[in-house]
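The model shown is predicted, which means the values in this text are computed figures rather than measured ones.
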Amino acid sequence: MLERILRFVAVWPTDYNPYLPKYLRGRYFLSELIDTCYLLFWYFVCVHIAAFHIVSIIALDLSYDEVFLNLITTSIYSIMTPLSMYLRLYESNVRQLYEFTIRHFRKRSAAGVYYISISSSIRVTNRYQFWWLITCVLGTMHWAIYPILSQERTLPFPCWYPVDVQQSPMYELAYILQVLGQLQVSLVYGLAGTLFMVFVFMTCSQFDMLCCSLTNIRQSAMILNGNYRTELRHHQDNHEIDTREYVLKEVFREDLDTVQPTKTASKLDQLSPSQTYLMELSPELTCVLEDCIKHHLLLLRFCQLLESCYHPYVLLKLFQILLLLCFLSFMATVESLSTMKLINVLEYFMLTMTELYLYCFLGQILMNQGFKVGDALWKSPWHLCGASYRRRMLIILMNAQRPVRLTGLKLYELNLETYYTVLKAAFSYYTLIKKFR
């Protein structure tokens, strides 16, 4: 669904060869030509709105309040073009992230008395991405229906045009182009946030699986050994699961009757006689822990790929949101603003605040998930394990000390502190503008 919508607004290229007659497929670069023309059409929709608003600010005699109303639209559509170009240029990077998740992400945590499944993450992610797209569309398209609700022959964004747009058919053409522009804004911003949200939620789910595997590592070793069924059932019946430490707060009881024991070869290091203590289940514990180490390293590698793919986009979004919050705060306090436009401004303000919180919250929760790995390892019964196990613990503990960060061009971290910083900066600029009004 996301890929189809991305192709609809020309953010991702489309191969038109399957839709062409057979004798034209792959010839004369027709598919590339059609895709380029379609892309230029959407760029024209975006660029002409921004350009005409800039001309309005420069050439027309506007009031102080009208200037800032035009600045809101100008800032939205001026940053819209580079964001669309970025998403198109980084399409291969996004596909690389997707292929990485398909190839390396686990379907569930290691077998134990309970487990976490990827199905929970998929269900929650689908629900959140659907409602986020709906919110973006409803939060931006209200500008398009404002002239209809007010029963005035005006455009959603009145600005300078080189022709008389009050006469038909120029009015209808300008109106349709502005509606398409708003649709493009809602879909591009919504889809970019949705892709980012999907990757972060899936990564958080993988970290939960890793923490679940580490917490139940001794039970996983018992299952691998195959001789501890009675003890496992007793532990499952008497163990109270704390779901608060997991993001989705959903775990499943393991069906111990269907879990097949696996005989594992010993991977113990050559230990000195003074270190051969607490050797129960040592081969199995070592095998399970090594699998957790591989899982952890894969997640850290994926987070690095996610950071390298999104850090330019995040900086552009933070800059745009800062401008929008400043301008929208100013317009919300204008006394001469009509009731309908005030409602539109407040709706856009709330949508911008939600978008800022979404990005900062996702960065914060991913960083917290990275730190949880070390805590989950300490919760495991490491004191009942041998020296070989404890030496391998150090690998995870050392990697877990490095925070998982998502940044904006390596300058600003995505976390709740950045959320408050952007809000304070926007309010500071708002008071400055209010002072020189």
- request: Check step by step if side chain to side chain donor-acceptor pair (under 3.5 Å) holds for Asn126 and Arg123.
  value: CA-CA 5 Å; Asn126 287 337; Arg123 184 176 64 255; over 6 Å; no
- line: Quick note, salt bridge (Lys or Arg N to Asp or Glu O under 4.0 Å) partners involving residues 158-175, not counting sequence neighbours, are Arg153-Glu172
- request: Keeping to residues at least two apart or across chains, list the salt bridge (Lys or Arg N to Asp or Glu O under 4.0 Å) pairs with something in residues 308-323.
  value: Lys317-Glu355
task: Would you sort out whether Ser117 and Lys107 count as a side chain to side chain donor-acceptor pair (under 3.5 Å), showing the intermediate values?
output: CA-CA 6 Å; Ser117 173; Lys107 303 299 181 184; over 6 Å; no
- request: Using side-chain contact (heavy atoms from CB on, under 4.5 Å) as the criterion, list what pairs up with Ser75, not counting sequence neighbours.
  value: Leu323, Leu324, Phe327
Residue pairs passing the ring-ring contact (aromatic ring centres under 6.0 Å, His included) test where at least one lies in residues 117-139, sequence neighbours excluded: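 ring-ring contact (aromatic ring centres under 6.0 Å, His included) check on residues 117-139 returns Tyr128-Phe201.
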Contacts under 3.5 angstrom, residues 420-428 side chains, donor-acceptor by atom type, not counting sequence neighbours:
| from | atom 1 | to | atom 2 | distance (Å) |
| --- | --- | --- | --- | --- |
| Thr421 | OG1 | Glu417 | O | 2.8 |
| Ser428 | OG | Lys424 | O | 2.8 |

Side-chain donor-acceptor contacts of residues 47-55 below 3.5 Å, not counting sequence neighbours, with atom names and distances?
| from | atom 1 | to | atom 2 | distance (Å) |
| --- | --- | --- | --- | --- |
| His48 | ND1 | Phe44 | O | 3.0 |
| His48 | ND1 | Val45 | O | 3.0 |
| His53 | ND1 | Ile49 | O | 2.8 |

- prompt: Heavy-atom count around Arg88 CZ within 6.0 Å, excluding the residue itself: above 12?
  reply: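 More than 12 heavy atoms, drawn from other residues, nucleotides or ligands, come within 6.0 Å of this atom.
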Using 4.0 Å as the upper bound for N to carboxylate O, is an ion pair formed by [Y] and [X]?
X	Y	answer
Glu307	Arg405	no
Arg392	Asp291	no
Arg95	Glu91	yes

Partner of Met331 by side-chain contact (heavy atoms from CB on, under 4.5 Å), out of Leu71, Leu346, Leu69: Leu69
